[in-house]
Amino acid sequence: MKWTLSARPPFFLPAAVRSHGWIQLAPFHREDEEGTAFTYVRELDSGRAVEMRVTGAPGGVSVEVDAALTQDEQAALSRDVAWMLALDLDLSEFYELVRDEPKLAHVERRAQGRVLRSPTLFEDIVKTILTTNTAWGGTKRMVSAVVSQFGAPLPGDAGRHAFPGPERLATSDEETLRNETRLGYRAPYVLALARAVAGGELDLEAYKTSDLPTPELRKEMLALKGVGPYAAANLMVLLGRYDFLPVDSWALKVVSHEWHGGQPIGATEVEAAFEHWGAWKGLAYWFWDWSYLAEGG
DNA sequence: GGTAGACCTGGACGC
DNA sequence: GCGTCCAGGTCTACC
C-alpha cells in the first residue's frame with residue numbers, strides 16, 4: 001500500500017536524507033547518491049518486519065509498504081516517517097537569522113535544516129554511542145552487526161533486518177555484544193541502555209516531546225553511560241534542540257582551519273565560533289559551508 | 001573541576 | 001605477513 005504525508009515547506013527529501021551519515025547505517029538503505037528515495041526496515045508492534053520505501057511527493061513524501069497493514073500499523077509508520085524527516089519542523093526563524101551569512105545563506109534555498117533521525121530515540125542513542133571513539137567504518141560495521149544479529153528479519157529478504165528494540169537487545173549479554181557483535185568496550189553501555197528501557201526504568205520516547213529546558217535535557221543524556229559531551233550534543237540536535245555543539249575531532253579540525261589558521265584548538269574555541277547563533281548554533285554548525293575544506297582549500 | 005590513562009578496533013606504516 | 005603506532009570520545013581514578 002502507498003500513501004502520502006505532507007511537510008511544512010520548504011521541504012526537499014534529498015536535503016534531509018543527505019543531512020548526515022545516518023542514511024548509511026542499517027536498517028536505512030539509500031537508493032541513489034542524490035537521496036531521492038530511501039528504504040527503512042521497521043519492526044511493527046506485532047513483531048513483523050516491513051520495508052518502507054520513502055520518496056519525494058508534491059508537498060511532502062510518499063510512503064510505500066509492500067505488505068498489508070492495519071490502520072493502526074499504517075498510522076504508526078506515518079508517525080515514524082514524520083519524526084524521521086521532521087516533516088512538521090518550522091525553520092523560518094533559523095532561515096531569517098542566517099539569511100545574511102554567506103556560509104549559511106544556501107540553507108533556505110536548498111531547504112536544508114532537517115536532520116535525518118531514526119524512528120526511536122533508543123536507536124539514535126545506540127547509533128550515537130557507536131559513533132564514539134571509532135572511525136566511521138567501525139560505526140557502520142557495529143550498527144550492521146547489531147541489526148543483523150538481533151533485528152527482526154524482513155520476510156522474503158534474509159539479508160535485511162529491522163533495528164532491534166530494547167527488549168531484544170536486553171536479552172543479550174555483555175560477552176556476546178563485546179565479542180560476537182564486536183562492540184568492544186561499548187557493549188556494557190548498549191546493554192545497560194537496552195535493559196533500562198526494556199525494564200521500564202527509562203522512557204526515552206518521552207524525551208521527544210519533553211518540556212524540560214535544554215540544559216536539563218542534556219543532563220539526562222549525559223547521565224547515560226557511554227554518552228559524553230559530544231554524543232549528548234549530537235542527540236540534542238536529533239531532538240530538535242540546537243543550543244549545543246557536537247564537538248568531535250572533525251569540528252576541531254574545520255573550525256581551526258576556518259578561524260585559527262590550522263592551529264590546535266579546543267572545544268572552547270569551537271563554542272566561541274558559533275556563540276553568535278544562540279539557540280540555533282547547533283544547526284549553524286551542522287549546515288555551515290565547509291565544502292572548501294573538502295576540496296582542499 | 002581538571003587531568004591522565006585505559007578502553008577497543010581498524011587502518012596506516014615500516015620492516 | 002607481522003608488529004607497532006595512532007586516531008577516535010568517554011569513563012574512572014586521582015589530585
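We use all heavy atoms of the structure for the numbers below, so side chains are in, but hydrogens, waters and symmetry mates are not. The chains referred to below are lettered A, B, ... by the order of the sequence lines, with proteins before strands, and numbering in each begins at 1.
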If you restrict it to nitrogen or oxygen atoms, what contacts under 3.5 Å exist between nucleotides 2-6 of chain B and the protein, and what is each distance?
none

Among A:T55, A:L87, A:T4, whose side-chain contact (heavy atoms from CB on, under 4.5 Å) with A:V61 holds? A:L87
Check: A:T70/A:D72 side-chain N/O donor and acceptor closer than 3.5 Å: no
Taking protein heavy atoms under 4.0 Å as touching, what does nucleotides 7-12 of chain C look like 5' to 3' if B marks base contact, S marks sugar-phosphate-only contact and - marks none? -BBSSS
Would a line drawn from the ring center of A:H257 to the ring center of A:W290 be shorter than 6.0 Å? no
Each nucleotide N or O in nucleotides 10-14 of chain B that has a protein N or O under 3.5 Å away: list the pair and distance.
| from | atom 1 | to | atom 2 | distance (Å) |
| --- | --- | --- | --- | --- |
| B:dG10 | OP1 | A:R141 | NE | 3.1 |
| B:dG10 | OP2 | A:R182 | NH2 | 3.1 |

Does the side chain of A:M221 come within less than 4.5 Å of A:Y207's, by heavy atoms? yes
Under 6.0 Å from the six-membered ring centre of A:W22 and within 45° of its axis: does the NZ or CZ of A:R117 meet both? no
Does the gap between the ring centers of A:W288 and A:W259 come in under 6.0 Å? yes
Hydrogens and angles aside, do A:Q112 and A:W286 bring a side-chain donor and acceptor to less than 3.5 Å of each other? no
Minimum heavy-atom distance between A:E205 and A:P119, given as atom pair plus value: OE1-O, 4.1 Å
Short side-chain donor-acceptor distance under 3.5 Å, A:R241 and A:T214: yes
Cation-pi between A:R218 and A:F244: NZ/CZ under 6.0 Å from ring centre and within 45° of the ring axis? yes
